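Notes follow the structure.
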Amino acid sequence: MNRLSLKIKLTLLYTFFMVLATCAVLAILFSLSNREILASVQSKLERRVQDSSDDITLRDGELRLDSDFYSVTQDVYLSLYDEDMYFLYGRVPYGFDVQPEIADGRTRRIPEGDTDWYVYDMSFRLAEDYTVYVRGITSVTDAEESFNVTVRFAVILFPLMALVTALIGYRMTRRTLLPVKKITATVQKIRADADLSRRIGLGGEGKKDRGGKNRDEIYGLAGTFDDMLEELETAFKREKQFTSDVSHELRTPVSVILAQCSECLEDGELTGRQREQILLIERKARDMAGMISQLLFLSRADQGRQPLHREWVNVSELTQMTVEEQQLLADAGGNGVQISCRAGDDIMACVDETLFIRLLDNLISNAVSYGRKNGRVEVSLLRGQGEIIGTVSDDGSGISEEDLPHIWERFYRADASRAGGSHSGLGLSMVKWIAEAHGGCVEVQSTPGKGSVFTFRFPAEEKQIKNKN
Ligand code: ADP
């Protein structure tokens, strides 16, 4: 039942209640009609038999019957019997072939063939020692039966009625729930494309009350959703603009700090402690400059202003060069990591050179930072079918299953204590954006305690190349 759609559930629900209500009404009507028919047959039968006393007389010991006794009035047949149940006079209806015992003053129902016969006997004492019995016999007339027939007809039509109700109900429910379907589809599209500019667009439809508000709650809900999306979009735009503005504003003071640090460090009169302090300031300012540049990159990407200048470049050479640079940095870091590179010969791809290097830089520096001391980092690049496939693997601590889906989120850091201060949790967001902006993708496989493998794929087809800005 839980798997059924709301449309089906609602249709089943009210069809069920409709069937229940109709069954109850029909049962009541049927029992009332039966009782009514019986009462009317009984009263006419008894009246006719009682009235027949005027037609029977005993004169000079001889039984005389008026001609009215023979006539069939109101469908009631009269017959006369003596005390031994011997038929004397009268008429018995065609089809009534039984001769039931006398039951004085009691109406009985006797089914015979297709007909339900009603029989009423009454004794008449004509003399001291002479009693006769008048028997009235009738059946239900067409008029009396007609109501019953109507009810029976309704019972036969009932399944059809239920089917038609279910069909009409289903159509109506579907129409009513159409806006819900549209709301769901729009929200799914917003989630899939991260595009807050989409609207459901049903707020203007539906009947309005005098105040201009939607009378239909679901259309009203769609309108409210659109208003909410509007506000969300504005808030997001404001937030992106804020990030971009702040990053811009911070760039100059950080550059000034860095410039001043270099100048101070040239001063030969600095004490050892002062030099150390200035070097620390310089290092932190560099971290800050790196973070600002990442923030600027991502806010430009969000606003669709991050340029992508693609050209055919030898990505094998780029990879080799980046690995060599990263090896120098790792050596300077002093944790003894060895980076090896296996790149196919002269693989050409149409990429933005700066962004491609940035992607590799991020992946390799992560592998070094989160790798084992004196461990190994392997970088490979090869040409697949219509794509280039690159991997960066390390033999570090790996990423836990809970953290794995979140590492691409901004500012997410699985274990903030493990990497140095230069790590802000923005690197992989940038890597993902760069891969996707090139029409490619990036994924990770990681075994806690054994290491991680990051794989990126870029299309290598010429027709897929489109430069942004
Ligand atoms: P950060 O600046 O903190 O490195 P990233 O976005 O580059 O930010 O990475 C997000 C998080 O993913 C990191 O904080 C780290 O916990 C995890 N991570 C990234 N690369 C690796 C790796 N090679 N091995 C283990 N964990 C990693």
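Being a predicted model, the structure only gives us computed values, none of them experimental. Every number for a ligand or one of its atoms is a count from 1 in the order of the listing. What you see below is based on every heavy atom in this structure, not just the backbone, and it leaves out hydrogens, waters and symmetry mates.
- Atoms of ligand 1 found under 4.0 Å from any heavy atom of Y412, numbered from 1 in the order shown, are 10 (C), 11 (C), 14 (O).
- Remark: ligand 1 and F454 share no N or O pair separated by less than 3.5 Å (distance only, no angle test).
- Listed by atom number, the atoms of ligand 1 under 4.0 Å from R413 heavy atoms are 3 (O), 14 (O).
- Checking only distances, N366 does come within under 3.5 Å of ligand 1, N or O to N or O.
- Using a 4.5 Å heavy-atom threshold, the side chains of L308 and H438 count as touching.
- Near G427, meaning under 4.0 Å from one of its heavy atoms, ligand 1 places the atoms 5 (P), 6 (O), 7 (O).
- Nearest to atom 24 (N) of ligand 1 by heavy-atom distance, out of W408, F411, Y370, is Y370.
- Looking at D226 and R199, no side-chain N of the basic residue comes within less than 4.0 Å of a carboxylate O on the acidic one, giving no salt bridge.
- Counting heavy atoms closer than 4.0 Å to ligand 1, residue S452 contributes side-chain atoms (C-beta onward) but none from N, CA, C or O.
- With hydrogens and angles left out, the side-chain atoms of T15 and T165 include no donor and acceptor closer than 3.5 Å.
- No hydrogens or angles considered: nothing links the side chains of Y370 and S452 as a donor-acceptor pair under 3.5 Å.
- Considering backbone and side-chain atoms alike, G398 places every N or O at 3.5 Å or more from each N or O of ligand 1.
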Validation: residues 317-325 side-chain donor-acceptor distances under 3.5 Å, sequence neighbours left out:
unit_1: T319; atom_1: OG1; unit_2: V315; atom_2: O; d: 2.6
unit_1: T322; atom_1: OG1; unit_2: L318; atom_2: O; d: 2.6

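- By the 3.5 Å distance cut-off applied to N or O atoms, S429 is not counted among the residues near ligand 1.
- Contacts between D394 and ligand 1, counted as non-hydrogen atom pairs separated by less than 4.0 Å, involve the side chain only.
- Distance check, rounded to the nearest 0.5 Å: CD of Q294 to OG of S247 gives 11.0 Å.
- With a heavy-atom cut-off of 4.0 Å, I399 touches ligand 1 through its side chain alone.
- Distances from atom 6 (O) of ligand 1 to the heavy atoms of I407, L428, V431 put L428 nearest.
- At least one N/O-N/O distance between G425 and ligand 1 falls below 3.5 Å.
- Short contacts between ligand 1 and A414, defined as distances under 4.0 Å to a heavy atom of the residue, involve ligand atoms 14 (O), 16 (O).
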